[in-house]
Amino acid sequence: VFGKDINLVLVLSNLSSDRKSIRVDMSASTILYTRRAVAEILKAATAVELGPKQGKHIRVKIPYTHYGKYLTTDKRIQVTALCEVMRSHGLKLLVEKTIILEDTNIIIKVPRRVVVNRAVSLEISYANPLPEPVSRCVLLVTLMNQQVKINLARLAPRERSKIFFEFTPRRAGPLQLQVDFSCDKFSHVKGFVTIAVAPA
């Protein structure tokens, strides 16, 4: 989840009946959705001895403090592990994983019944998932082809807050509401909901 430390486990297994010495070079970078690297956030190397038919786990932690300021709006991190079996004439194995960090910041609560031409109040809650305060917080609410910009107070570390948003639907049928939350430390955290508007 965005704002938390990332914990990974690399599982190595020796399927042969011979002892193996393996060098593991690990790296991680923040990337764009095109897979283009933005910034390297982890580089580590380790050596592992595996007995016949033995398996081992290598644990890797990427703290938020390492990746937070380099993350793009795509919220993607590419992790690679190059495993080289020593004394095996250059036998190598490359393991890759792309991590897409989830946002759990926006929650939109809609009343059970929404009726055309009758005012309705929605509850929109938003959060700072980071271990540091954020300021210049803005909510952009898009509804019925109109955008409303709402300036918000700063949020303490891990703080959640909420506002009430009132509007009057002008026609029956499905209506989509989209919320975009930005601040000085991250931007474009989105939430959306489809509202079923009943006839009057």
Side-chain angles (χ1 to χ4, degrees), residues 1-108 125-135 137 155-160 179-192:
V1 176
F2 174 61
K4 302 278 182 71
D5 294 347
I6 299 168
N7 293 290
L8 303 169
V9 178
L10 175 67
V11 181
L12 295 177
S13 297
N14 179 9
L15 303 178
S16 75
S17 53
D18 301 320
R19 190 171 188 82
K20 302 286 184 186
S21 298
I22 300 169
R23 176 185 165 86
V24 181
D25 290 303
M26 298 197 71
S27 64
S29 298
T30 55
I31 59 170
L32 301 173
Y33 73 95
T34 58
R35 291 173 62 94
R36 186 169 73 82
V38 176
E40 188 173 69
I41 54 174
L42 171 78
K43 196 166 185 67
T46 187
V48 179
E49 293 288 329
L50 289 177
K53 310 292 185 185
Q54 186 185 15
K56 281 190 179 176
H57 293 80
I58 299 175
R59 299 189 182 277
V60 180
K61 182 177 183 176
I62 307 175
Y64 165 75
T65 52
H66 286 198
Y67 74 80
K69 62 183 175 184
Y70 301 113
L71 208 59
T72 69
T73 54
D74 296 324
K75 295 185 175 63
R76 291 171 187 251
I77 294 174
Q78 178 86 22
V79 182
T80 62
L82 180 62
C83 307
E84 182 178 2
V85 182
M86 310 307 287
R87 300 182 297 278
S88 65
H89 308 293
L91 181 62
K92 295 179 181 179
L93 174 68
L94 180 67
V95 179
E96 285 189 330
K97 182 169 181 64
T98 300
I99 300 166
I100 302 173
L101 299 174
E102 294 179 2
D103 287 320
T104 55
N105 293 357
I106 304 289
I107 299 171
I108 305 167
S125 73
Y126 51 94
N128 171 17
L130 307 184
E132 56 190 330
V134 297
S135 58
C137 302
L155 290 172
R158 314 278 188 213
E159 183 183 1
R160 178 169 284 280
V179 177
D180 188 311
F181 177 53
S182 295
C183 65
D184 64 332
K185 299 285 195 314
F186 55 86
S187 59
H188 305 302
V189 174
K190 297 181 187 296
F192 68 91

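By convention here, the first residue in the shown sequence is residue 1.
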**Request:** For N7 and R59, run side-chain contact (heavy atoms from CB on, under 4.5 Å): C-alpha distance rounded to whole Å, both residues' side-chain angles, the deciding distance at 0.1 Å, then the answer.
**Result:** CA-CA 7 Å; N7 293 290; R59 299 189 182 277; over 6 Å; no

**Asked** Stepwise, does the side-chain contact (heavy atoms from CB on, under 4.5 Å) test hold for V60 with L10?
**Response** CA-CA 8 Å; V60 180; L10 175 67; 5.6 Å; no

**Message:** Does L71 form a side-chain contact (heavy atoms from CB on, under 4.5 Å) with I77? I'd like the steps, not just the answer.
**Reply:** CA-CA 8 Å; L71 208 59; I77 294 174; 3.9 Å; yes

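Distance check: I99 CD1 to I62 CD1 gives 5.5 Å after rounding to the nearest 0.5 Å. Here the CG atom belonging to L93 is positioned 11.5 Å from the CD atom belonging to E84, to the nearest 0.5 angstrom. Distance check, rounded to the nearest 0.5 Å: NZ of K20 to CZ of R87 gives 10.0 Å. Distance check: T65 OG1 to E132 CD gives 9.5 Å after rounding to the nearest 0.5 Å. Atom CD of Q78 sits about 8.5 Å away from atom OG of S27, to the nearest 0.5 Å. Put simply, NZ on K61 and CG on L42 are 13.0 Å apart, with the number rounded to the nearest 0.5 Å.
Every residue meeting the side chain to side chain contact (heavy atoms under 4.5 Å, CB included) condition with L91, not counting sequence neighbours, appears here in chain and number order: V85, S88.
Between A37 and I31, the closest heavy-atom pair is CA-CG2, 3.9 Å. Considering all non-hydrogen atoms of both residues, L12 and C83 come closest at CD2-SG, 3.9 Å. The minimum heavy-atom distance between I41 and Y67, with the atom names listed, is CD1-CB, 3.5 Å. Shown here for P133 and P157, the closest heavy-atom pair between the two residues is N-CG, 3.7 Å. For the residue pair D5 and Y64, the shortest heavy atom distance occurs at OD1-N, 2.8 Å. Across every non-hydrogen atom of A127 and L155, the tightest pair is C-CD1, 4.0 Å.
Without hydrogens or angle criteria, N128 side chain to E159 main chain gives no donor-acceptor distance under 3.5 Å.
Two residues are said to be in side-chain contact when any heavy atoms from C-beta on lie closer than 4.5 Å; N14 and I22 fail this criterion. Between M26 and L8 the shortest side-chain heavy-atom distance does not fall below 4.5 Å.
Aromatic ring orientation, F181 versus Y126: tilted (interplanar angle from 30° to 60°).
Listed by first and then second residue, the salt bridge (Lys or Arg N to Asp or Glu O under 4.0 Å) pairs involving residues 23-36 are R23-D25, R35-E96 (not counting sequence neighbours). Listed by first and then second residue, the side chain to side chain donor-acceptor pair (under 3.5 Å) pairs involving residues 45-56 are S21-E49 (not counting sequence neighbours).
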